Amino acid sequence: MTNQTSDVLDVTDLRTYFPVRSRGLIPRTIGAVKAVDGVSLSLDAGETLGLVGESGSGKTTAARSILMLVRPTGGSVKIDGEEITDLSARKLMPIRRKAQMIFQDPYNALNPRHTVGAIITAPFKVQKVVPPGGVKKGVLELMERVGLNPEHYNRYPNEFSGGQRQRIGIARAIALRPKLIVCDEPVSALDVSIQAQILNLLRDLQKEFGIAYLFVAHDLAVVRQISHRVAVMYLGKIMETAPRELIYSRPLHPYTHSLLSAVPVPDPKRQAHRKSRIVLHGDLPSPIDPPSGCVFRTRCFQAQERCAVEVPPLVELAPGHHVACHFPIAVEDLPARAEVQALTADDPQEATPDVQIVSREEAADGAAGAAGKGRGAQEEALDEGGAAEEGVSLNKPRA
Amino acid sequence: MFAYLVRRVLLMLMLLFLLSVSVFLLFAILPGDPARLTCGKACTPAIIESNRHRLGLDEPPLTQYVKFVSGIFVGRTFSADSPQPIKCDAPCLGYSFNRQEQVMSLIARSAPVTFFLAIGAFVIWIVVGLALGIFAALNRGRWGDRLIMGISLIGYSMPSFFLGLLLVFFVIIKWQFLPFPAYVAPWENPFQFFQTMLLPWILLATLYAAFYIRLTRNQVLEVLSDDYVRTARAKGLPERTVVVKHALRAGLTPIVTAAGLDLAGLLGGAIISENIFSLPGLGALAISSIIDSDLPLITGITILTAAIIIFANLVVDLLYAVVDPRVRVI
Amino acid sequence: MTATSEEPLSGMPIVGSADRPFLSVNDLHVTFPTEDGLVQAVDGVSLSVERGKTLAIVGESGSGKSVTAQAIMGLVNRKSATVTGEIWLDGQELINLPQREVQELMGMEIAMIFQDPMSSLHPFYRIGDQIVEAIRAHRSIGKAAARRETLEMLQHVGIPAAERRIDAYPHQLSGGMRQRVMIAMALINSPQLLIADEPTTALDVTVQAQILELIARLQGEFGTTVILITHDLGIVADVADDVAVMYGGRIVELASTTTLYDLPEMPYTLGLLSSVPRMDQKLPERLDPIRGNPPSPIRLPKGCVFQPRCDYWQRVPGEACLTVRPDLLESDPDHWVRCHLKVEERKQIARDVKQILAGGGE
Ligand SMILES: Nc1ncnc2c1ncn2[C@@H]1O[C@H](COP(=O)(O)OP(=O)(O)OP(=O)(O)O)[C@@H](O)[C@H]1O
Ligand SMILES: Nc1ncnc2c1ncn2[C@@H]1O[C@H](COP(=O)(O)OP(=O)(O)O)[C@@H](O)[C@H]1O
Ligand code: SF4
Ligand code: SF4
Ligand SMILES: [Mg+2]
Ligand SMILES: [Mg+2]
């Protein structure tokens, strides 16, 4: 990726496992939830890396592990060039000045018994820093900077709306001018208009102070708006990472295609003219017992025998564009529609899932072609406990 | 579920062990010489020493503990080498030299009193607490709710001895509705038994019911606004089914749990009520054992009371697991 | 029975053809007395849906979407709220119906799916039993037959290994599965009207796509009329025929989906559209969000409820936006807008904003 030495954040092969205990008489550790399993990423000053993936893919765990809020099982995390994985809680204190976090839930992240002033003052107190002009003046300036009325200094968090609370959280996070802020779904709980206000605020602060963001989100449109680079995560691993333009216009990993295809577009015309639609069924497999080979293979429309035996490494296919897949596929080559019945836990021996593909030519022949497809495979899927979707095109055509 | 059960039972035994050890250690470390307390003014060091030996207090704490535990299972004999050994039968919790009686039989005499007191009060307070609490919740904000809440607030904030003395003063002394309390076992004289127990029951039940009305009301209001209750309504179920099958089942489970633990606590002795109404229960026994510094008796009562609470805890948790499938997984 | 098959009042917005609508809501008001004052949660909502169509209700949180839905469903607690207005379902007025008859409709003629599938199922009962209960609340069929029907429905909504899952407890299923169970439960009695209150808000995009496809498919099969409540303009474009935009307890714009996305006229709708980051357009340097916060439902502005956040109120002569509540008026056939601006002016503003959006930065 970029020049290693100038990185604000440098994560190599980060692994965070949670022990799984048996339910027997004497509980024993019988396995591990591999929440994060070999993640590497880096961030330059003033850069935003978006981290996306489905629920349970390990985004939050990765974010928290990077700040040592959860102790990682292995790997290395360097903040501003300093290795922090082995630091004691006390030695981490100076690091917390450089790296801060903003949380998803603006309702739970703030102590309800502290005033706004006290909340934003806390970082100065803890780190024993006095800003020029005194702490109170510094706090008032911060409040103004994030769009809070300084008169609210003595109010309590429960008197504020979600958006305003998120502003309080942001003020606290930027108080000590950190170099890095890890944001875990900072706008997911907010209304669209407020969400846009907060995204703009984060971007302005980045320009002003050169902060680097690790921006965790599941909303691909939001991530596109704020990120310079994007990493796509699935079951604890990075599937694809690339500069923003490439991820959205030239994605190569089947999982990225599936995610992008699921994003609804607020325009009925464009929605109807989507070139391809990839429908994933089922949920993420259990991270306790992930599929062999490629972790995505149970839901992948490209999967082949090889995917079950060989773990695809993350390789650079274009400058800055890393993909972990044996059979990457370009946008032009996508079928008009692919519907994947995920393998269930009952048939893990099966190498490839049941895929129904409608090619572009067939799609052009009309909806009839699509409707009749793969009927037999459907029944089988039913017998095997697969989802009982009909083979009809559900993409309601619209004029 | 079976593994869960076995694990919980093992856990309980371990807790009991730790508890009894700490009770023993506590009394071993405590300042004051228990042997010195065994004889009155005319004490000579020789008598103290011989008493110490009789009590087995001259042995190291560990030996004392082992003897105590084995006594529970096989019984034991105190001052075996003296001319008058004292035998203590199988579930032996010690021997009270002050009272010249086995701790177990002392407890056995007081326990039924406390048991009847606690169970009677429990039945009243559970019925009243749940019924009024549910009624108040279902009629939130109306006068019935306000009245119930008002009364329960009074009951809740009234000190128990004060309420007890009020009852004694008015019902027994002034109006003479009831005779002075004199405990008899129910099988000897049921009528007198009820006459004696009525006021203690009312006193205890009032105190607890006041609390349980509020608890039930809050809990029911909370589940009534839960999403799954809304789902039940949206199915078109009759309001009765919605309330009873969906809301109450979920809402009352934790209350019954809490009540089980409170009952267990009461079974260990209701000190104030027993004193006010001069009931010879465990609470009264405990108080007098403390006043007399009757160490073996204090130890026995402490361990027995704790055992009841730990056991009740287990029962309640198991019942909870039966009702709530989410707990079974753990 | 107070209901007659009398026509609903004229003058209310009826989108689509001139046929008598299947569902029509007329001047619905819902108020909650609270300690802080009267909450006007729904303040004069009128709308209509034709049989088999999908109406989306869009708006920010607190705009009154859920309360509207619950009022139609009959779920608003009459002890703690005042409900006035008319709700006509297939020729029957619902608001003045006795509770017992409302119960007969709930789950049979009208069914509802809720936002949070995690908490909407009872944690103590097996999912199969919960669905069987919904069947037997309305139809007198045996337990075994009801269970068979339940199993079929679970398979139908795409629950893998339904024979096993029917005896599962809710906590043993993932969020997407639970929402499928909720859908199965809602559709088990083949209701004519399905109200889905933010059915995918708590779910992942991939699962959201599955659930929306499922609802659309089942709607096609059963001919159900759907009211889809959401704050996500994206999913609306995909599945709705008509869209009602709500703000501060009232409908501020109502149109067919195509019209609404083509040329939204209410400044609030425009603001919503320019607030969402979009995947299908060039990246703007900054988003252009509506400023400020939604109004408190207790202290609503005197004039246009949106005025404190509106960029255009000064264009209306005489400061009418500050003092006069605008009415919901038809600006084009089947396009209803609540705004004092002149129709032409609104259209011009919309065209300008769309221009800026389409030609954004980079
Ligand atoms: N403390 C924990 N103990 C055991 N497992 C955990 C723990 N925390 C997380 N996990 C598991 O690790 C995996 C990743 O969880 P994580 O919260 O990081 O996902 P996420 O990508 O942030 O999901 P979401 O989008 O829902 O926030 C999940 O399977 C989760 O159940
Ligand atoms: N039971 C209630 N008591 C008081 N206020 C309520 C109640 N239910 C909803 N409200 C208020 O009504 C308004 C509309 O709520 P709702 O319909 O849930 O909004 P949304 O559009 O997010 O679904 C909100 O201000 C909400 O706080
Ligand atoms: S490696 Fe195979 S299974 Fe994995 S994403 Fe690529 S094609 Fe699909
Ligand atoms: S009525 Fe006035 S304030 Fe309201 S939206 Fe129209 S222009 Fe804006
Ligand atoms: Mg998360
Ligand atoms: Mg809502």
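All values reported here derive from a predicted model rather than from experimental measurement. Chain letters run A, B, ... following the sequence lines, proteins first, then strands; residues in each count from 1.
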| task | Taking the side chain as every heavy atom from C-beta outward, state whether B/Y228 and C/S119 have any atom pair closer than 4.5 Å. | result | no

| task | Taking all heavy atoms of C/P123 and all of B/R326, pick out the closest pair and write down the distance. | result | CB-CZ, 3.4 Å

| said: Using heavy-atom distances under 4.5 Å, tell me whether C/L75 contacts chain B through its side chain, its backbone, both, or neither. | reply: side chain

| message | Looking only at heavy atoms and a cut-off of under 4.5 Å, which of C/K79, C/M182, C/R100 has the most pairs with chain B? | response | C/K79

| message | Any side-chain to backbone donor/acceptor pair from B/K235 onto C/I131? Under 3.5 Å, distance only. | response | no

| task | Answer yes or no: are there more than 12 heavy-atom neighbours, outside B/R140 itself, under 6.0 Å from its atom CZ? | result | no

| task | Answer with side chain, backbone, both or neither: which region of B/L138 has an atom nearer than 4.5 Å to a non-hydrogen atom of chain C? | result | backbone

| query | Please walk me through it: do B/H246 and C/E133 pass side-chain hydrogen bond (donor to acceptor under 3.5 Å, both in side chains)? | reply | CA-CA 11 Å; B/H246 290 260; C/E133 188 183 33; 2.9 Å; yes

| Honestly, is B/K245 close enough over C/F124, meaning NZ or CZ under 6.0 Å from the six-membered ring centre and within 45° of the axis? | no

| note | Honestly, the part of C/Q70 sitting under 4.5 Å from a heavy atom of chain B is side chain

| request: Would you mind checking which part of C/H122 comes under 4.5 Å of any heavy atom in chain B, side chain (CB onward), backbone (N, CA, C, O), both or neither? | output: both

| field | Pairwise distance CZ(C/F114) to OG1(B/T231) - rounded to 0.5 angstrom | value | 5.0 Å

| Region of C/M108 in contact with chain B, defined by heavy-atom distances below 4.5 Å | neither

| Contact winner vs chain B - C/S120, C/A134, C/A137, heavy-atom pairs under 4.5 Å | C/S120

| Got a sec: does the OH of B/Y156 have more than 12 other heavy atoms crowding it under 6.0 Å? | no

| Any chance CZ of B/F194 has more than 12 other-residue heavy atoms, nucleotides or ligands included, within less than 6.0 Å? | no

| query | Is atom CZ of B/F193 surrounded by more than 12 heavy atoms (other residues, nucleotides or ligands) closer than 6.0 Å? | reply | yes

| field | chain C contacts, top residue of B/R230, B/R233, B/R142 (heavy-atom pairs, under 4.5 Å) | value | B/R230

| field | Engaged part of C/M185 at the chain B interface, taking heavy atoms whose separation is under 4.5 Å | value | side chain

